[in-house]
Amino acid sequence: MLTTNPAFDRIGEENAFAVLARATALQAEGRSILNLGIGQPDFQTPAHIVEAAVKALRDGQHGYTPSVGILPLREAVAGDLNRRYGVEVDPNLVMIVPGGKVTMYAVIRLFGEPGAEILYPDPGFPIYRSMIEHTGATPIPVPIREENGFAFSAEETLALITPKTRLLIINSPANPTGGVTPAAEIDKLVKGLAAHPHVALMSDEIYDRFLFDGEEHRTLLAYPEIRDRLILLNGWSKTYAMTGWRLGYSIWPKSLYDQVRKLAVNCWSCVNAATQYAGIAALEGPQDAVFAMTAEFDARRRMVVEGLNALPGVTCATPKGAFYAFPNITGTGWTAAKKLASALLEEAGVAVIGGPDFGVHGEGYLRLSYATSRENITAALGRMGDFLAANRKVA
């Protein structure tokens, strides 16, 4: 028998990929499947971004790059953040990485070990807890409640901090709920953190361009008093429909940057060169596609919320950001959300994700992605309605 590190037995999964695999298998059998499970924009990467990558390849950009990313791209990241939020970012503190999960891994690996506590949003992106458990640290869920508009409560969050707390993870706009935490609540959190200088923060702002109903994003980079312990996560996957390009970035405190650089050298070496030139074109080129995508997501959001609230036993709060809805299904008679999600896929041909896949506070909810066409949304809601009408009393 081979002996392996038991830490690998603690690694979880992102069940959206498991649902995608099952949906694909059912389609291969000839079933009609409408996928509202995966969080992937159904738009093509804008043409000028693709052309920038092609040009880079034709120009001979085929080799290794610095492990932290090429300087022009790090400068483009700093320039973009300055234009949008008025914050100053040193390009030498920008780390270019192959997707958002890499930053999660690096941050949690840096602070997590047995005896440490790490706070994370629940319901929240499942990789947070998975990586915390992998390191042996204790995961402490920060409840994200529907009655708060799926925003975190600064008071509740601060009350969970102990001398063992190493790291606090926050996410707004949020996956899976679509919640946006108001600026006033973030102000309270930052003010309260002054009493806890031993706690680092990771702010996952990957959905910062997808906001609705007049909401404005408050980046944690806007608070100089926490910059020496803040790691910001962002990237290109959602904003520019570049999920398969695997391109993300993070901003680090100076005291931690070299440690993460060494992790890059040991782990992923660098992001491929052509993709980095595409990233420059995305940030410095026309933003029309981003605005058009956001407008389309807004229209779909309204369709989804109206349609979900018309389903028997379902209520749905209006999401303020990202491209997810998180409907409450406690009135349907189904007591286990994952069982309902499985039944909808197997029997109705609609792929959604059960709320418990995003944490213990996700029971009683489903996650639907409206990063798919209006036609698919209409058809999926119709199938869900028929199924729930016929199976209302099932437990």
Side-chain angles (χ1 to χ4, degrees), residues 81 84-87 100 104 107 117-125 128-129 132 139-162 165-234 238 251 294 298 301 305 316-326 328 355 358-362 365 367:
L81 291 168
R84 293 194 292 121
Y85 300 125
V87 295
M104 296 175 201
V107 176
E117 295 177 352
I118 297 179
L119 278 59
Y120 70 99
D122 183 328
F125 189 54
Y128 302 149
R129 184 179 181 110
I132 294 167
I140 306 294
V142 175
I144 306 298
R145 305 184 190 279
E146 182 177 0
E147 55 264 36
N148 290 340
F150 292 122
F152 66 75
S153 160
E155 182 179 2
E156 192 168 18
T157 302
L158 291 165
L160 292 169
I161 294 176
T162 75
T165 306
R166 294 273 188 86
L167 174 68
L168 165 62
I169 299 171
I170 66 173
N171 173 217
S172 177
N175 176 11
T177 64
V180 175
T181 298
E185 205 66 23
I186 297 176
D187 289 345
K188 288 182 192 175
L189 178 70
V190 172
K191 183 178 180 179
L193 285 170
H196 305 287
H198 64 292
V199 178
L201 296 96
M202 185 186 82
S203 182
D204 182 348
E205 302 183 15
I206 195 75
Y207 295 99
D208 68 337
R209 299 291 293 272
F210 298 134
L211 291 156
F212 313 110
D213 297 338
E215 292 285 343
E216 293 185 3
H217 179 63
R218 174 64 66 91
T219 177
L220 264 74
L221 289 170
Y223 298 87
E225 60 268 45
I226 58 169
R227 287 286 289 271
D228 62 348
R229 49 176 164 148
L230 170 69
I231 302 98
L232 178 127
L233 182 161
N234 210 322
K238 313 298 185 180
I251 315 296
T294 304
D298 188 15
R301 175 184 70 114
V305 170
C316 184
T318 301
K320 299 293 187 179
F323 41 67
Y324 306 107
F326 205 60
N328 186 320
F358 302 98
V360 295
H361 295 288
Y365 297 87
R367 189 194 78 171

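Fair warning: this is a prediction, and the values are worked out from it, not measured in the lab.
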Which is it for E225 and R227 under the side chain to side chain contact (heavy atoms under 4.5 Å, CB included) test, yes or no, and what are the steps along the way? CA-CA 6 Å; E225 60 268 45; R227 287 286 289 271; over 6 Å; no
Out of curiosity, L167 CG to I231 CD1, how far, rounded to the nearest 0.5 Å? 6.5 Å
So I144 and H361, do their side chains get closer than 4.5 Å, heavy atoms only? no
Tell me, with the steps shown, if K188 and L158 meet side chain to side chain contact (heavy atoms under 4.5 Å, CB included). CA-CA 9 Å; K188 288 182 192 175; L158 291 165; 5.9 Å; no
For the residue pair S203 / E205, report whether a side-chain donor-acceptor contact shorter than 3.5 Å exists. yes
Counting only heavy atoms from other residues, nucleotides and ligands, does the tally under 6.0 Å from CD of E155 exceed 12? no
Those residues that, when tested against E117, pass salt bridge (charged side-chain N to carboxylate O under 4.0 Å, His left out) (two or more places apart): none
Heavy atoms, side chains only, cut-off 4.5 Å: are P143 and L160 in contact? yes
So, do Y324 and Y207 have ring centers that fall under 6.0 Å from each other? yes
Return the set of residues passing salt bridge (charged side-chain N to carboxylate O under 4.0 Å, His left out) with D208 (not counting sequence neighbours), or none when no residue passes. R84
Any salt bridge (Lys or Arg N to Asp or Glu O under 4.0 Å) involving residues 190-201? Give me the pairs, sequence neighbours left out, ordered by first then second residue. none
Considering the options I170, V142, L193, I140, which one meets the side-chain contact (heavy atoms from CB on, under 4.5 Å) requirement together with T157? V142
Quick one: closest heavy-atom pair of A174 and A322, and the distance? O-CB, 3.8 Å
Search all heavy atoms of P123 against all heavy atoms of F326 and return the closest pair with its distance. CG-CE2, 3.8 Å
Less than 4.5 Å apart, side chain to side chain, heavy atoms only: is that true for I251 and L81? yes
Using modelled atom types and a 3.5 Å cut-off, is there a donor and acceptor pairing between side-chain atoms of R229 and backbone atoms of H198? no
Sub-4.5 Å side-chain heavy-atom contact between L189 and L168: yes
Chi angles and distances behind the side chain to side chain contact (heavy atoms under 4.5 Å, CB included) call for L220, I186: CA-CA 8 Å; L220 264 74; I186 297 176; 3.9 Å; yes
Least distance between heavy atoms, G179 atom then S172 atom: O-OG, 4.2 Å
Side-chain heavy-atom pair V305, P319 within 4.5 angstrom cut-off: yes
Going from CZ on R218 to CG on D187, what distance comes out if it is rounded to the nearest 0.5 angstrom? 5.0 Å
Excluding sequence neighbours, so at least two apart, what forms side chain to side chain contact (heavy atoms under 4.5 Å, CB included) with P139? Y120, R129, I132, E133
As an exercise, state the distance from CG of D213 to OG1 of T318, rounded to the nearest 0.5 Å. 7.0 Å
Which value, rounded to the nearest 0.5 Å, describes the distance between H217 atom NE2 and Y85 atom OH? 4.5 Å
Rounded to the nearest 0.5 Å, how far does OH of Y365 lie from OG1 of T177? 10.0 Å
Any side-chain heavy atom of L211 sitting closer than 4.5 Å to one from K320? no
If the condition is salt bridge (charged side-chain N to carboxylate O under 4.0 Å, His left out), which residues does R367 pass it with, not counting sequence neighbours? none
Between F210 and D298, is any pair of side-chain heavy atoms under 4.5 Å apart? no
Can you tell me how far apart OG1 (T181) and CZ (F152) are? Round to the nearest 0.5 Å. 4.5 Å
Run the salt bridge (charged side-chain N to carboxylate O under 4.0 Å, His left out) test against E146 and tell me which residues pass, sequence neighbours left out. none
Counting only heavy atoms not in E216, do more than 12 fall under 6.0 Å of its CD? no
Would you say N175's side chain and F125's backbone share a donor-acceptor pair under 3.5 angstrom? no
